[in-house]
Amino acid sequence: MTDVRAAQVAGQKASAREYLVGVLDLLQHNALNRDRVDWERLRREAFARTAEATSAAETHEVIREAIEALGDPHTFFLSPEDAVEAWSESATRGAPVPTGHLIDRLFGYVVIPEASGAEEADQRYVQAGVTVVRDLDAHAPPIAILTDARTMSAAEATLISFLGLPNVRTFGAPTAGLATGNEAIDLSDGAVLVLTAVREADRTGRLYGNEPIAPHQPVPPGEDALAAATDWLAALAEHRPPTRGASQTQL
C-alpha cells in the first residue's frame, strides 16, 4: 500500500470511528434507559469490532446492537436508505389524518391515526385534527376513548392528555406501551437516530413509559369497544342536562 493510500485509509478509519463515537455519546448521555448499559464494556467491544471500518455504514450494525442494549423499543436507527423511504414525498403524501363524524346525531366519533413524522404531513395532520374537534365540539361533554395495541407513541400522548379529567373513560385493550418522547437526529451520512429521552406524564403527575396503559373498562377480544363506549355515554346522557353532544375518540 502506498503512503498516499495508507493515509487515505487511516483518514477513513478515523472518520468512521468519529461517527461511531458521536452516536454512542448521544445514546450514553441522553437515552432514557442509559443507566441500564455498561457503557465502558459496550464501547470497548464496539471499537474492537469496527477497528477496520472505513465508512459510517460499517458501524451501523454495532450502533443497532447498542440501541438494543437499551431495551427501549421507542429508540431506533434508520439507515440513509430507510430514512429516505420513511420521509419521502410518496410515503407522506397519502398519510392518514384525523377524521370524525356523529353517531346517532348525538355522539361525536373521532379517529386519530398514526402520524408520519414528516413535517409537511404532520402540519396537515394537526390542522385536520383541529378541524374535526372544532366541528364536533360540545360544552364539556363526557369523553369515551377507545384504545388497543395500535395505540402507540403520539396516540398514547393524546390519550394521556385526557387522563385525569372528569367525565373521561377509556375502553378496549391496553396500549402499545411507547408513552415516551423521542427526537429524530440527522446523522452525517444521512442516517437518522430516533432517540427516546423523556417519559410522558398526565395532568396529575403520574409518569408513563414503556408499559402498556390499561383501559378503565377492558373489552374482551371479539367484543365491540365502540358499543361499550356508546352505552356508557348514553347512560350518562340520561342523567345530564342536554348538550350539543358527547365525544368518542379512537386512538
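Here the straight-line distance linking atom NE2 of His216 with atom CH2 of Trp232 works out to 9.0 Å at 0.5 Å rounding. Note that the CG atom of Leu226 and the CG atom of Leu146 stand 6.0 Å from one another [nearest 0.5 Å]. In this structure, the separation between CD1 on Ile145 and CD1 on Ile160 is 10.5 Å, given to the nearest 0.5 Å. Once rounded to the nearest 0.5 Å, the distance linking OG1 of Thr196 with CZ of Arg34 reads 12.0 Å. Rounding to the nearest 0.5 Å places OG1 of Thr230 at 7.5 Å from CG of Asp224. Here the CD1-OG1 distance, from Ile112 to Thr158, works out to 5.0 Å after rounding to the nearest 0.5 Å.
Between Val192 and Ala184, the shortest heavy-atom contact is CG1-CB, 3.9 Å. Closest heavy-atom contact between Gln217 and Ala228: NE2-CB, 3.9 Å. Considering all non-hydrogen atoms of both residues, Ala144 and Phe171 come closest at CB-CE1, 3.7 Å. Residues Ala176 and Met152 come closest through the heavy atom pair CB-CB, 3.5 Å. Summarising the geometry of Thr204 relative to Gly164, their closest heavy-atom pair is CG2-CA, 4.1 Å, with the distance given to 0.1 Å. The two residues Gly172 and Ala225 make their nearest non-hydrogen contact at CA-CB, 4.1 Å.
Dense packing is recorded around CG of Asp38, with more than 12 heavy atoms of other residues, nucleotides or ligands lying under 6.0 Å away. The local environment of CD in Glu68 is sparse, with at most 12 non-hydrogen atoms from other residues, nucleotides or ligands closer than 6.0 Å. Annotation: Glu18, atom CD; neighbour count of heavy atoms from other residues, nucleotides and ligands within 6.0 Å does not exceed 12.
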(request) With side-chain contact (heavy atoms from CB on, under 4.5 Å) as the test, would you mind laying out the steps for Glu156 and Leu178 before giving the verdict? (result) CA-CA 7 Å; Glu156 285 171 302; Leu178 297 175; 3.5 Å; yes

(message) Checking Ser153 against His74 for the side chain to side chain donor-acceptor pair (under 3.5 Å) test, could you report, in this order, the C-alpha distance in whole Å, the side-chain angles of both residues, the deciding distance, and whether it holds?
(response) CA-CA 8 Å; Ser153 189; His74 216 186; 3.0 Å; yes

(request) Give the C-alpha distance, both sets of side-chain angles, the deciding distance and a yes or no for side-chain contact (heavy atoms from CB on, under 4.5 Å) between Glu61 and Glu65. (result) CA-CA 6 Å; Glu61 187 57 34; Glu65 292 176 6; 3.7 Å; yes

(request) Decide side-chain contact (heavy atoms from CB on, under 4.5 Å) for Asp202 and Tyr208; before the verdict, give the C-alpha distance in whole Å, the side-chain angles of both, and the deciding distance to 0.1 Å. (result) CA-CA 8 Å; Asp202 63 26; Tyr208 300 83; 2.7 Å; yes

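Looking at heavy atoms from C-beta onward, Pro80 lies in side-chain contact with His60 at the 4.5 angstrom threshold. Counting heavy atoms from C-beta outward, Leu159 and Thr170 have side chains that approach closer than 4.5 Å. Side-chain contact between Thr180 and Asn210 is present, with at least one heavy-atom pair separated by less than 4.5 Å. Looking at Val97 and Pro113, their side chains never come closer than 4.5 Å, going by heavy atoms from C-beta outward. Glu40 is listed as a side-chain neighbour of Arg44, based on a closest heavy-atom distance under 4.5 Å. In this structure, the side chains of Phe162 and Ile143 come closer than 4.5 Å at one or more pairs of heavy atoms. Looking at heavy atoms from C-beta onward, Pro96 lies out of side-chain contact with Tyr125 at the 4.5 angstrom threshold. In this structure, the side chains of Leu165 and Arg203 come closer than 4.5 Å at one or more pairs of heavy atoms.
Using a cutoff of 4.0 Å between basic side-chain nitrogens and carboxylate oxygens, Glu120 and Arg124 are scored as salt-bridged. Between Arg41 and Glu45, at least one side-chain N (NZ, or NE/NH1/NH2) sits under 4.0 Å from a carboxylate O, which counts as a salt bridge. Salt-bridge check for Asp25 with Arg43: passed, with a basic side-chain N closer than 4.0 Å to an acidic carboxylate O. A salt bridge is defined here as a Lys NZ or Arg NE, NH1 or NH2 lying under 4.0 Å from an Asp or Glu carboxylate O, and Arg49 with Glu58 fails to meet this definition.
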Listed pairs under 3.5 Å, donor-acceptor, residues 8-16 side chains, sequence neighbours left out:
unit_1: Gln8; atom_1: OE1; unit_2: Arg5; atom_2: NH1; d: 3.4
unit_1: Lys13; atom_1: NZ; unit_2: Glu52; atom_2: OE1; d: 2.7
unit_1: Ser15; atom_1: OG; unit_2: Gly11; atom_2: O; d: 3.1

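Looking at Thr59, its side chain does come within 3.5 Å of a backbone N or O of Ala56 through a donor-acceptor pair.
No side-chain donor from either of Thr175 and Thr151 sits under 3.5 Å from a side-chain acceptor of the other.
In this structure, Val62 shares a hydrophobic cluster with Tyr19, Leu20, Val21, Val23, Leu24, Leu26, Leu27, Val37, Trp39, Leu42, Phe47, Ile63, Ile67, Leu70, Phe77, Ile185, Leu187, Leu193, Leu195, the cluster being traced through Ile, Leu, Val, Met, Phe, Trp and Tyr side chains under 4.5 angstrom apart.
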